[in-house]
Amino acid sequence: MARLTVELREARAELARVQVARERLRFARDLHDLLGYGLSVVVLKAELAFRLLERDPDAAARQLGDGLEAARQVLADIDSVASGRTEISLAAEVESARAVLEAMGVEVSWSRTAAALPAGVDEALAAVLREGVTNVLRHSAARHCSLEIVADDRQVRLSLTNDGVTAASPDHRQGSGVGNLTHRLDALGGRLSAERTGETHTLTATAPLEPALVGGDADRVDPVPRVELHDR
């Protein structure tokens with residue numbers, strides 16, 4: 001019994017360490033997914049205001065105002081990450097993406113035929129769209145961007161296509177965004193792919209409409225009840 005008690009305590013301590021590691025991964029993913037987009041908008045709005053400052057002060061002031069609102073949203077996102085409330089919706093991201101891209105002079109076309117989606121799928125696709133738009137703003141001189149969201153009886157597909165892709169600089173490093181999104185979609189039984197043809201880039205995400213049938217959570221580990229970090 002003494003040996004079994006020691007083994008049980010060791011197992012519970014190991015489960016607690018796994019839980020802490022999983023929480024750190026969640027925090028890192030959410031921080032990247034939520035803040036990368038907002039900070040990109042702040043930087044781009046500031047750059048645009050700087051260029052307009054001498055020839056059109058009123059337009060520059062409007063851009064600074066938009067940048068200030070984006071910065072406030074970043075602060076709200078930080079609070080949501082810290083508290084564990086990181087839900088985002090696809091509908092809100094579609095409207096935000098259109099507004100930001102059009103403000104940057106990008107012609108936007110979009111089509112959505114998918115009806116209401118399961119909460120987990122909706123949030124995952126919202127994260128895909130946010131990361132995709134962030135990359136459009138950071139890594140392209142896009143003139144046109146198209147978004148398509150379609151669904152059949154089994155799955156939903158989101159495709160984001162933009163032109164104006166430039167060659168990566170020699171010191172360019174691949175970020176963690178694609179890895180985070182792949183992780184999210186894998187947990188649902190979905191798939192993420194990216195394709196570049198000339199100066200055109202397409203990001204495509206698919207997810208089943210009944211992700212609960214896949215089973216397991218994002219780390220393929222069932223929840224651990226009542227893990228106590230103070231166990232010895």
Side-chain angles (χ1 to χ4, degrees), residues 26-112 114 116-117 119-149 158-166 175-178 180-181 184 201 203 205:
R26 179 202 67 80
F27 187 87
R29 287 195 300 266
D30 290 346
L31 193 65
H32 178 278
D33 293 345
L34 288 172
L35 302 188
Y37 173 77
L39 292 175
S40 295
V41 173
V42 171
V43 171
L44 288 168
K45 289 290 184 179
E47 290 177 346
L48 185 56
F50 183 77
R51 292 198 297 267
L52 292 170
L53 190 59
E54 293 186 357
R55 68 174 185 269
D56 194 341
D58 291 338
R62 289 193 296 271
Q63 295 300 327
L64 288 175
D66 292 343
L68 180 60
E69 288 301 316
R72 288 172 177 158
Q73 183 59 51
V74 169
L75 290 176
D77 288 342
I78 291 174
D79 290 339
S80 71
V81 171
S83 63
R85 297 176 289 102
T86 57
E87 294 85 359
I88 55 178
S89 74
L90 183 57
E93 288 304 315
V94 169
E95 292 304 318
S96 176
R98 291 178 62 192
V100 170
L101 290 170
E102 288 175 353
M104 296 301 152
V106 181
E107 181 183 355
V108 180
S109 60
W110 70 288
S111 172
R112 176 171 182 172
L117 301 173
V121 173
D122 188 270
E123 184 174 349
L125 293 184
V128 170
L129 179 58
R130 177 174 285 202
E131 177 66 16
V133 172
T134 300
N135 288 335
V136 171
L137 297 176
R138 286 179 175 175
H139 306 306
S140 76
R143 299 174 299 278
H144 183 270
C145 186
S146 65
L147 170 66
E148 184 180 41
I149 306 171
L158 180 151
S159 295
L160 181 68
T161 302
N162 66 278
D163 59 8
V165 178
T166 56
S176 60
V178 173
N180 292 344
L181 298 177
R184 283 177 178 264
H201 182 271
L203 181 68

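Separation of atoms CD1 (I149) and CG (L158) is listed at 4.5 Å; rounding is to 0.5 Å. From R143, atom CZ reaches atom CG of N162 across 10.0 Å, with rounding to the nearest 0.5 Å.
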Donor-acceptor contacts, no H, no angles, side chain residues 100-110, under 3.5 Å, sequence neighbours left out:
| from | atom 1 | to | atom 2 | distance (Å) |
| --- | --- | --- | --- | --- |
| S109 | OG | H144 | NE2 | 3.3 |

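Closest non-hydrogen pair, V42 versus A70, comes out as CG2-CB, 3.7 Å. Here the closest heavy-atom approach between residue R184 and residue A127 is recorded as NE-CB, 3.8 Å. Between L52 and Q63, the closest heavy-atom pair is CD1-CG, 4.0 Å. The minimum heavy-atom distance between D122 and S89, with the atom names listed, is OD1-CA, 3.4 Å.
Listed by first and then second residue, the side-chain hydrogen bond (donor to acceptor under 3.5 Å, both in side chains) pairs that reach into residues 47-59 come to none, sequence neighbours excluded.
Listed by chain and number, the residues in a side chain to side chain contact (heavy atoms under 4.5 Å, CB included) with E93 are I88, A126, L129, R130 (sequence neighbours excluded). Scored by the salt bridge (Lys or Arg N to Asp or Glu O under 4.0 Å) test, R112 finds no partners at all (sequence neighbours excluded). Judged as a side chain to side chain donor-acceptor pair (under 3.5 Å), and not counting sequence neighbours, the contacts of D66 are K45. The side chain to side chain contact (heavy atoms under 4.5 Å, CB included) test applied to A205 returns L125, V128, L185, L192, not counting sequence neighbours. Partners of R62 according to the salt bridge (Lys or Arg N to Asp or Glu O under 4.0 Å) rule, which considers only residues two or more places apart in sequence or in another chain, do not exist here.
Within the 4.5 Å cutoff, the side chain of V41 has no heavy atoms near those of the T134 side chain.
The main-chain N or O of V136 is found under 3.5 Å from a side-chain atom of S140 such that the two form a donor-acceptor pair.
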Exercise for review: Evaluate side-chain contact (heavy atoms from CB on, under 4.5 Å) for L68 paired with L64, printing each intermediate quantity in order.
Suggested key: CA-CA 6 Å; L68 180 60; L64 288 175; over 6 Å; no
